[in-house]
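Notes follow the structure.
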Amino acid sequence: MNNKLWILFLLGACGGGDGAGGLAVDVENPSAFCRAVAETGCSTMYACLTDAERMAKHLPMTEAECERQLESGCEDAVDSCNDNTHGYASDAAGACINEMQAATCNDAGEPWLDAPSCSNICAVTKGSFEVQWAFSPSYHSCSELGVTTVSVYSIAAGGRTYVDTYDCYTGSGITDVLPVGTYSVHLELFNASN
């Protein structure tokens, strides 16, 4: 999880309370999730922490300012989470909100108000894998066998097929980024005329 998101939820861990009263949150919408995090985190912090404790934690003077600050920080963190291999995980966001809403003041010392699902908001959504090939017996080579290219077929559980093609002589390659899932993989060898 990136540092911005960690800081956001660490701030939420400073509080505790009765949560946000069971907010109905559209967690498919990251903005709605961030709004709920801000409302839940700030309401518990301002309900459970004394003025001195809030000052020691460098929290804003009012709950409304806290909500604006947390919501903005959350949106920045969710935006920076989305890259080639990671993305916002709405299932984890829903569990995070539920756990935060169930927190009490006794949870004040726990990370994210003892909401462990919050650490999974930025989830791995895509990846790649490395493939290698060699001939047996090992004294055979691509040029000797007339093989010019190697195609790697990655077939997802639903049947969608991804193909990556490499020069045979390289002996290995890294696939393009694929959605996380289970794949059946096979290689096909081609000569100059395919």
Quiz item: Any sub-3.5 Å donor-acceptor pair from Arg54's side-chain atoms to Leu59's backbone N or O?
Solution: no
Self-check item: Interatomic distance, Tyr166 atom OH to Thr175 atom OG1 [nearest 0.5 angstrom]
Solution: 5.5 Å
Quiz item: Closest approach of Asn120 and Ala92, non-hydrogen atoms and distance?
Solution: O-CB, 3.4 Å
Exercise. Check for a donor-acceptor pair, side chain of Thr170 on one end and backbone N or O of Ser172 on the other, with a separation under 3.5 Å.
Key: yes
Quiz prompt | From CD (Glu144) to OH (Tyr139), nearest 0.5 Å | solution = 8.0 Å
Practice problem: Spell out, as yes or no, whether a donor-acceptor pair under 3.5 Å connects the side chain of Asn82 to the backbone of Tyr88. | Solution: yes
Exercise. For the pair Trp133 (side chain) and Cys168 (backbone), establish whether a donor and an acceptor sit closer than 3.5 Å, ignoring hydrogens and angles.
Key: yes
Practice problem: Kindly indicate, with the supporting measurements, whether the criterion side chain to side chain donor-acceptor pair (under 3.5 Å) is fulfilled by Ser151 and Thr165. | Solution: CA-CA 4 Å; Ser151 290; Thr165 302; 3.0 Å; yes
Enumerate, atom names and distances included, each donor-acceptor pair closer than 3.5 Å involving a side-chain atom of residues 121-132, sequence neighbours excluded.
from: Glu130; atom 1: OE2; to: Gln132; atom 2: NE2; distance (Å): 3.4

Quiz item: Distance-only, no hydrogens or angles: does the Thr40 side chain make a donor-acceptor pair with backbone N or O of Val37 under 3.5 Å?
Solution: no
Practice problem: List the atom of Met45, the atom of Cys66, and the distance in Å for their closest heavy-atom pair. | Solution: CE-SG, 3.9 Å
Self-check item: Pairwise distance CZ(Phe33) to OG(Ser90) - rounded to 0.5 angstrom
Solution: 10.5 Å
Quiz prompt | Heavy-atom closest pair, residues Ala36 and Ile97 | solution = CB-CD1, 3.7 Å
Quiz item: Partners of Thr50 by side chain to side chain donor-acceptor pair (under 3.5 Å), sequence neighbours excluded?
Solution: Glu53
Exercise. Kindly compute the distance separating CD (Glu67) from CD (Glu39), expressed to the nearest 0.5 Å.
Key: 5.5 Å
Exercise. List the steps, then state whether side chain to side chain contact (heavy atoms under 4.5 Å, CB included) holds for Asn194 with Thr148.
Key: CA-CA 9 Å; Asn194 285 332; Thr148 56; 5.6 Å; no
Quiz item: Which heavy atom of Cys96 sits nearest a heavy atom of Ala115, and at what distance?
Solution: O-CB, 4.0 Å
Quiz item: Can you check side chain to side chain contact (heavy atoms under 4.5 Å, CB included) on Asp51 and Tyr46, steps first, answer last?
Solution: CA-CA 8 Å; Asp51 289 342; Tyr46 283 76; over 6 Å; no
Quiz prompt | side chain to side chain contact (heavy atoms under 4.5 Å, CB included) between Leu178 and Ser154, worked out | solution = CA-CA 9 Å; Leu178 303 168; Ser154 305; 4.1 Å; yes
Self-check item: From Cys105 atom SG to Leu49 atom CG, the distance as rounded to the nearest 0.5 Å
Solution: 8.0 Å
Practice problem: Kindly say whether Tyr169 contributes a backbone atom to a donor-acceptor pair with the side chain of Asp167 at under 3.5 angstrom? | Solution: no
Quiz item: Minimum heavy-atom separation for His86 to Cys81, with atom names?
Solution: CB-O, 3.3 Å
Quiz item: Do Leu189 and Val152 share a hydrophobic cluster, counting only Ile, Leu, Val, Met, Phe, Trp and Tyr and linking them when any side-chain heavy atoms are less than 4.5 Å apart?
Solution: yes
Practice problem: For residues Val78 and Asp76, determine if any side-chain heavy atom of one lies less than 4.5 Å from a side-chain heavy atom of the other. | Solution: no
Practice problem: Would you name the heavy atoms of Cys34 and Glu75 that are closest together and state the gap between them? | Solution: SG-N, 3.4 Å
Self-check item: For Val177, the rest of its hydrophobic cluster, which grows through side-chain links under 4.5 angstrom
Solution: none
Quiz item: When rounded to the nearest 0.5 angstrom, what distance separates NE2 in His186 from CD1 in Ile155?
Solution: 5.0 Å
Practice problem: Quick one: do Tyr162 and Asp176 satisfy side chain to side chain contact (heavy atoms under 4.5 Å, CB included)? Show the steps, please. | Solution: CA-CA 9 Å; Tyr162 302 87; Asp176 283 338; over 6 Å; no
Quiz item: Is it the case that one hydrophobic cluster holds both Leu145 and Leu187, taking links as side-chain heavy atoms less than 4.5 Å apart, direct or via other members?
Solution: yes
Exercise. Using atom types as modelled and distance alone, determine if a side-chain donor or acceptor of Ser72 lies under 3.5 Å from a backbone N or O of Gln69.
Key: no
